[in-house]
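Residue numbers start at 1 and run along the sequence shown. These figures come from a predicted structure and were not determined experimentally.
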Amino acid sequence: MSLLEVRDLTAGHGLLTAVREMSFEVREGETVALVGANGAGKTTLLRTLAGAHHATSGSVVFDGADVTHLPAYKRVRRGVALVPEGRRLFGDMTVEENLLVAGRRARPGPWTLQRVLEAFPMLEPLRGRRGASLSGGEQQATSIGRALMTNPRLLLVDEVSLGLSPVAVDAVYASLAHLTDDDGATLVLVEQDLGRALTVADRVICVLEGRIVLEAPSDRITRDEVTAAYFGVD
Ligand code: ATP
């Protein structure tokens, strides 16, 4: 059964329609990469799935229930977590406080502060450091850890590599692979690096000007085909 069913979803910013009648499904345990040029609508889509942005029309069904009109915190309680673009930590709070605050709204599950620190050993010595003083990679690990503290069934991850060093990107992707392989997590991630998207995802969805223009299993599509869809080349 699909964990997530998106039907004719439309969302925008004022007069601008950023997500146009998008329909797709994500099965439990699957990793789906969303690719597309800047401004294609990927961030708006993820935020609409998380309840951080409202849908104009269409529906979002999570685990068989229509959550289209549920506020973000209620979706979190059902197991939908967003790792937002730009990390958005509480800069004045410590790493530990950032994690514990997220845990307060958690649904019951295996993720605790201890487990997050085990999953991201780099965070252990940083527990008492303020969010604002961390490097990009450290912030990203904290941001993912924060989402995990809510015990998600579906993790929505927006441009996790943005602004990180290649080493930090590898470390973050290694931790995501660990989540999918060992914990059976379901992931929808926005990734600008097409090579990386094809490597980590089971399926790739390419978005152009708010519409899905290509959807394919990543082992049945080439990088050139994704690139052509990305730029709208026939
Ligand atoms: P990026 O990779 O740059 O984040 P994206 O594919 O995630 O791009 P969105 O950020 O969802 O795309 O943007 C889709 C469209 O909505 C763009 O035309 C963008 O300019 C517009 N947009 C996004 N956020 C806002 C906002 N807060 N107010 C007005 N327009 C916005």
Side-chain angles (χ1 to χ4, degrees), residues 2-26 30-91 98 101-102 104-107 139-140 142-144 146-163 185-192 197 201 203-213 215 230:
S2 293
L3 184 62
L4 179 72
E5 294 173 43
V6 179
R7 290 275 161 262
D8 297 323
L9 192 67
T10 297
H13 305 275
L15 292 176
L16 186 137
T17 304
V19 172
R20 297 170 185 272
E21 295 173 349
M22 285 196 195
S23 297
F24 61 95
E25 298 189 5
V26 181
E30 200 178 19
T31 296
V32 172
L34 290 171
V35 301
N38 283 342
K42 307 175 302 291
T43 295
T44 306
L45 170 63
L46 279 201
R47 287 175 50 77
T48 307
L49 298 178
H53 191 90
H54 78 274
T56 315
S57 60
S59 63
V60 179
V61 175
F62 178 71
D63 196 21
D66 190 328
V67 300
T68 317
H69 302 293
L70 284 189
Y73 77 93
K74 288 194 175 168
R75 297 193 208 194
V76 170
R77 291 286 307 175
R78 287 173 185 245
V80 180
L82 174 68
V83 178
E85 191 172 13
R87 280 86 78 166
R88 310 228 175 163
L89 298 181
F90 294 110
N98 269 283
V101 160
R104 282 214 305 246
R105 288 194 165 171
R107 56 195 287 275
Q139 285 188 8
Q140 198 59 272
T142 309
S143 182
I144 295 171
R146 183 176 58 178
L148 294 176
M149 288 291 290
T150 68
N151 281 300
R153 298 179 62 196
L154 173 66
L155 201 52
L156 307 166
V157 184
D158 199 354
E159 299 223 31
V160 84
S161 335
L162 206 69
T186 307
L187 290 185
V188 175
L189 46 94
V190 170
E191 177 53 66
Q192 288 286 358
R203 204 144 48 84
V204 172
I205 293 177
C206 189
V207 178
L208 178 73
E209 295 172 0
R211 294 186 194 280
I212 294 176
V213 288
E215 182 178 349
Y230 190 103

Check whether any side-chain heavy atom of [X] lies under 4.5 Å from a side-chain heavy atom of [Y], and answer yes or no.
X	Y	value
V67	V80	no
D63	L3	yes
L45	V188	no
R146	V101	no
L148	L155	yes

Closest approach of [X] to [Y] (non-hydrogen atoms, all atoms of both residues):
X	Y	result
A147	P152	O-CD, 3.3 Å
T68	A55	CG2-CB, 4.1 Å
T150	A81	OG1-CB, 3.6 Å
R211	M22	N-CE, 4.4 Å
E25	S2	OE1-OG, 2.6 Å
A50	L82	CB-CB, 3.9 Å

Practice task
Applying side-chain contact (heavy atoms from CB on, under 4.5 Å), run through Q140 and V83 and close with a yes or a no.
Solution key: CA-CA 9 Å; Q140 198 59 272; V83 178; 3.6 Å; yes
Handout entry: More than 12 heavy atoms of other groups within 6.0 Å of F90 CZ
Key = no
Handout entry: Residue pairs passing the side-chain hydrogen bond (donor to acceptor under 3.5 Å, both in side chains) test where at least one lies in residues 40-54, sequence neighbours excluded
Key =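 Qualifying pairs: H13-T44, T43-E85, T43-D158.
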Problem - Check: E191 side chain, A197 main-chain N or O, donor-acceptor pair, under 3.5 Å - result: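 No.
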Problem - Main-chain N/O of G12 paired with T17 side-chain donor or acceptor, under 3.5 Å - result: no
Which distance, rounded to the nearest 0.5 Å, do you find between the [atom1] of [X] and the [atom2] of [Y]?
X	Y	atom1	atom2	answer
L89	N98	CG	CG	5.0 Å
T142	M149	OG1	CE	12.0 Å
L208	R20	CG	CZ	10.5 Å
L34	L189	CG	CG	7.5 Å
R88	Q139	CZ	CD	12.5 Å
L4	F24	CG	CZ	5.5 Å

Practice task
May I have the step-by-step check of side-chain contact (heavy atoms from CB on, under 4.5 Å) for L154 and L49, ending in yes or no?
Solution key: CA-CA 10 Å; L154 173 66; L49 298 178; 6.0 Å; no
Handout entry: side-chain contact (heavy atoms from CB on, under 4.5 Å) between V190 and L46, worked out
Key = CA-CA 8 Å; V190 170; L46 279 201; 3.8 Å; yes
Completion exercise
Residue pairs passing the salt bridge (charged side-chain N to carboxylate O under 4.0 Å, His left out) test with at least one member in residues 64-83, sequence neighbours excluded, are none
